[in-house]
Amino acid sequence: MTVNTPETGLRAQLLRLARSAVAFAIVLGVCGGGASASYAATDEQVEDGSVELFISIGVHGSVAPGTATTAALTVQNSTDAEVSAGRVVLELGRTPLADSAALTAWLDEGTTDAVFAPLGADDTASVDPRGSTTANVVVPQESLADLAPGIYPLRAGLDGATTDDLDSDTAILTEVSSTSVLVITAATAPQVGVIVPITATPTGGALLTLDELTTLTAPDGALTAQLDGVVGTAAALAIDPAILAAIRALGTAAPTSVVEWLTRLEELPNERFALQFGDADAATQAHAALPALLEPTSLRTFLDPKMFPSIPSTATPTPTPEPTAEPSLPDDAELTTVPGAMPGILWPRGDVTGDDLATFAGYLGGPGTTILPSTSIGEKTSGHAAVGENDLLITDAAVSAALSSAATEPDADARARSLAAANAHLVLAAQSAPGVPLLVALERNETRTAEALRAAISAVDTPAFELSALRAAPRASVTLTAEPDGSRATALQNLLADEATLNEFSSILTDPQVLLSPERIRILRVIGVGSTAEEFAEAITTHRAATQTTLDAVGIEPSSLIQLYGANAEFGFWVRNDLPWPVNVRLFAEPSDLRLDVQRETEVTADAASNTRVKVPVAARLGSGDLEVELSLKSPTGVDIGTTRYADVSVRAEWESIGLIIFGGLAALLIVVGVVRTVRRRRRHEAAEASDASDAETDVEEADAEAEAAPLEEER
């Protein structure tokens, strides 16, 4: 059988414990160290999945002293094989867990000194592949009558069930165990407030797109689930203004579901405050010694004027037949405002120092309130506190972690254990500070279901709780003990150095904000509060690589050998632009030899996402030879762009003079030959004419002689 359960959080830790405790489980028939986990003997038993056991008892684990109750033990089979009928046994450790540390040790590691005794047992039906079954164990009043108020360790195990090996006919004994707690309390529940972060991260790292918002605000969308989960509760909402900016930036193009979601959020009666844009971490910025909190450089670049209604222009000269109109575009404040938000609240990471609190006051322009977990201070406390004159709201870290786990668990059976753990931590916190309001903060998570979120809030939330009232309550003096994470500050400084380089690079754009505004927003998201160390490191690496890709997006393409045979010509070079916007650059050309005269500077407008051909006039001087032309790009402000290239040129300018001489000589020779032929032709013609004339005279004389001789013949 292969066990596939989440490898993070309490469930993973307890699953590992269950695997190591199998021998003990086989002996007892009930394993005392798993957390809703399963054990599998071999990897061949089933193709996929695991068998798990979940405990649900009382109201979120709570039972009034001396009363009976019923425990629901659910066997879930996520394998491809059937699990046979078995028997579940429920046991209780009758020694209460002394404090929060003991509670954590039991839930996380399954360790306790308590002696366990059976509370009840029941048979289970067989479980189909990918199915579940529930057995109800009735716990009579007398079983709990002698228990004093406290937190008691609870465990259950499935005994005697078998799983068919899919590769053979062998039946494999399946041992499954689970741990939880039973809370016996008669104390009045303390006032508890819950803070719920409302966040959403776009895939591209800038603002949420229309398609993303449409998906998130659909009936089954994540943002819809977050509102569904808080409706009817007193939870205080911590809202990322980037969500509101993304919606408002759509103007009239915003889909109906998106507009309705925003309207619904604005109409909720829940108290609220604004997170920093993109949920950026103020502590990281303070550690990086920033003089002010980072903000988007401009959101105007995300606005399409055609998507906003027009208003008459007051600047139109009169008289005119009809007044012209211009779009009414919202400014950054209008795009990011959280209606009804309480001012002056920061919710950073927990690694905050006293100096950071003073820096936060400067960020806020005066006294404000910082929300920190109880792990940041030396005392176990929650609620309203202060370090010197700096105001704090302290959240109970243990309750917050357990409740956050419950809020992200879609399965109700699995969720029951986290709710019982949260309730137990809450009781211990109330015992340590009777009558003091407690504050709980859910971790940043964008995958919560509405059902899970509502169940988590409702388990601890006090309907009349007001965050504003807690801020006005007396303060307990506390001491900060957290150590700041300097690596995040260093990483942020590197990001800002890269941004400064991009700022210079952006001078090639007609509107630099089309590049700089998304860049700043991505930086804010990279330093978001909710990222783990691994996620933060990966985000830094990815972002810096993307920055380098942008800086390399414009450059000169390599060229082949250029042959120059004439005195004057034009060299053709290609400027590459991979950016989605046209760029304005200057191409500089510098020959390595005086035999070539090159136009030193050429203005270029390179089209978006294309290669643009640039013609550079050149002139060859005396002499021939091989040389190089150094090519470089600069922005209109003189910033170097891309990589310097070198073009090889072969100059053969003397071939032009030699060619002219040769062609001139050939022309002269042809002329002389023509003249000679003409003279000779004329002479031959004149000689022929003279010869013809002489022959004619001879013929005449002969004719005359014959004429004279004829009478004489006759006389004879």
| task | Would you please test Arg544 and Asn494 for side chain to side chain contact (heavy atoms under 4.5 Å, CB included) and show each step? | result | CA-CA 9 Å; Arg544 300 200 71 186; Asn494 291 334; 3.6 Å; yes

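- Checking each of Ile523, Leu294, Thr490 against Leu495 for a side chain to side chain contact (heavy atoms under 4.5 Å, CB included) leaves exactly one that passes, namely Ile523.
- Within 6.0 Å of CG in Leu561 there are more than 12 heavy atoms belonging to other residues, nucleotides or ligands.
- Side-chain atoms of Thr224 and Thr217 include no donor-acceptor pair closer than 3.5 Å.
- With contacts defined as side-chain heavy-atom distances shorter than 4.5 Å, the pair Val618/Ile562 does not qualify.
- No more than 12 heavy atoms of other residues, nucleotides or ligands sit less than 6.0 Å from atom CD of Glu483.
- Atoms OG and CG, on Ser506 and Leu515 in that order, are 6.0 Å from each other to the nearest 0.5 Å.
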| said: For Glu590 and Arg645: C-alpha separation, side-chain torsions, deciding distance, then whether salt bridge (Lys or Arg N to Asp or Glu O under 4.0 Å) applies. | reply: CA-CA 11 Å; Glu590 183 72 29; Arg645 298 286 187 184; over 6 Å; no

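- Here the straight-line distance linking atom OG of Ser610 with atom CH2 of Trp574 works out to 9.0 Å at 0.5 Å rounding.
- A donor-acceptor contact shorter than 3.5 Å is absent between the side chain of Asp240 and the backbone of Leu275.
- Ion pairing of Asp228 with Arg264 is present here, as a side-chain N (NZ or NE/NH1/NH2) and a carboxylate O approach within less than 4.0 Å.
- The 12-atom threshold is not exceeded at CD of Glu538, counting heavy atoms of other residues, nucleotides or ligands nearer than 6.0 Å.
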| task | Give the intermediate values and the outcome of side chain to side chain contact (heavy atoms under 4.5 Å, CB included) for residues Leu357 and Leu392. | result | CA-CA 9 Å; Leu357 295 178; Leu392 300 177; 3.8 Å; yes

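- When all heavy atoms are compared, the tightest approach of Pro410 to Thr449 is CB-CG2, 4.2 Å.
- Considering all non-hydrogen atoms of both residues, Ala620 and Val651 come closest at CB-CG1, 4.0 Å.
- With hydrogens and angles disregarded, a donor-acceptor distance shorter than 3.5 Å links the side chain of Ser635 to the backbone of Val639.
- Of all heavy-atom pairs between Phe277 and Ala245, the closest is CE1-CB, 4.1 Å.
- Using modelled atom types, one finds a donor on one side chain and an acceptor on the other under 3.5 Å when comparing Thr353 with Asp356.
- Residues Asp498 and Thr547 have side chains that never bring a donor and an acceptor to within less than 3.5 angstrom of each other.
- In this structure, the separation between CG on Leu524 and CG on Asp279 is 10.5 Å, given to the nearest 0.5 Å.
- The shortest distance between side-chain heavy atoms of Phe505 and Thr550 falls below 4.5 Å.
- Salt-bridge formation is not detected for the pair Arg272/Glu267: no Lys NZ or Arg NE/NH1/NH2 atom is positioned less than 4.0 Å from an Asp or Glu carboxylate oxygen.
- Residues Leu237 and Val230 meet the side-chain proximity criterion, which asks for heavy atoms closer than 4.5 Å.
- In this structure a side-chain-to-backbone donor-acceptor pair under 3.5 Å is present from Arg576 to Ala553.
- No side-chain donor from either of Glu628 and Tyr646 sits under 3.5 Å from a side-chain acceptor of the other.
- Counting only distance, with no hydrogens or angles, the side chain of Arg652 and the backbone of Leu564 share no donor-acceptor pair below 3.5 Å.
- For the pairing with Phe273, the side chain to side chain contact (heavy atoms under 4.5 Å, CB included) check across Ile239, Ile195, Thr369 returns one residue only, Ile195.
- Counting heavy atoms from C-beta on, the side chains of Val575 and Glu557 never come closer than 4.5 Å.
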| Test side chain to side chain contact (heavy atoms under 4.5 Å, CB included) applied to Val649 and Asp626, step by step | CA-CA 6 Å; Val649 180; Asp626 296 331; over 6 Å; no

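- Across Thr395 and Ala441, no two heavy atoms sit closer than the pair CG2-CB, 3.7 Å.
- There is no side-chain donor-acceptor pair under 3.5 Å between Gln285 and Asp281.
- Atoms CG and OG1, on Leu492 and Thr284 in that order, are 7.0 Å from each other to the nearest 0.5 Å.
- In this structure, the separation between CG on Leu594 and CG on Leu627 is 10.0 Å, given to the nearest 0.5 Å.
- Between the side chain of Arg522 and the main chain of Gly204, a donor-acceptor pair closer than 3.5 Å is present.
- Considering Leu262, Thr336, Ile198 as possible partners of Leu244, the one that fulfils the side chain to side chain contact (heavy atoms under 4.5 Å, CB included) test is Leu262.
- In Arg300, the CZ atom is not crowded: 12 or fewer heavy atoms of neighbouring residues, nucleotides or ligands sit closer than 6.0 Å.
- At distances below 3.5 Å, at least one donor-acceptor pair connects side-chain atoms of Ser404 with backbone N or O atoms of Ser400.
- In this model, a donor atom of one side chain and an acceptor atom of the other lie less than 3.5 Å apart for Gln513 and Thr297.
- Phe573 and Phe571 have perpendicular rings, their planes meeting at more than 60° on a 0 to 90° scale where under 30° would count as parallel.
- At least one side-chain heavy atom of Arg448 sits less than 4.5 Å from a side-chain heavy atom of Gln226.
- Looking at Asn577 and Asp607, their side chains never come closer than 4.5 Å, going by heavy atoms from C-beta outward.
- Under a 3.5 Å cut-off, the side chain of Tyr363 and the backbone N or O of Leu346 do not form any donor-acceptor pair.
- Asp552 CG to Thr643 OG1: the interatomic distance, rounded to the nearest 0.5 Å, is 6.0 Å.
- Inspection of the Ser507 and Glu504 side chains reveals no N or O donor paired with an N or O acceptor under 3.5 Å.
- Shown here for Ala539 and Val526, the closest heavy-atom pair between the two residues is CB-CG1, 4.1 Å.
- Counting only distance, with no hydrogens or angles, the side chain of Thr359 and the backbone of Asp355 share a donor-acceptor pair below 3.5 Å.
- In plain terms, the two heavy atoms of Ala358 and Asn390 that are nearest each other are N-OD1, 4.2 Å.
- Between Thr201 and the options Arg525, Glu212, Glu446, a side chain to side chain donor-acceptor pair (under 3.5 Å) holds for only Glu446.
- In the displayed structure, Glu295 atom CD is contacted under 6.0 Å by at most 12 heavy atoms of other residues, nucleotides or ligands.
- Stacking of Arg488 on the aromatic ring of Phe536 is recorded, both the 6.0 Å distance cut-off and the 45° axial limit being met.
- At a cut-off of 3.5 Å, with distance as the only test, no side-chain donor of Gln548 or His543 sits close to an acceptor on the other residue.
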| task | Apply side chain to side chain contact (heavy atoms under 4.5 Å, CB included) to Trp581 and Asp511, showing your working. | result | CA-CA 9 Å; Trp581 316 283; Asp511 180 9; over 6 Å; no

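- Taking the side chain as every heavy atom from C-beta outward, Arg349 and Asp485 approach each other to under 4.5 Å.
- Contact of the Thr644 side chain with the Leu631 side chain is not registered, since no non-hydrogen atoms from C-beta on lie closer than 4.5 Å.
- Thr408 and Asn445 share no side-chain donor-acceptor pair at under 3.5 Å.
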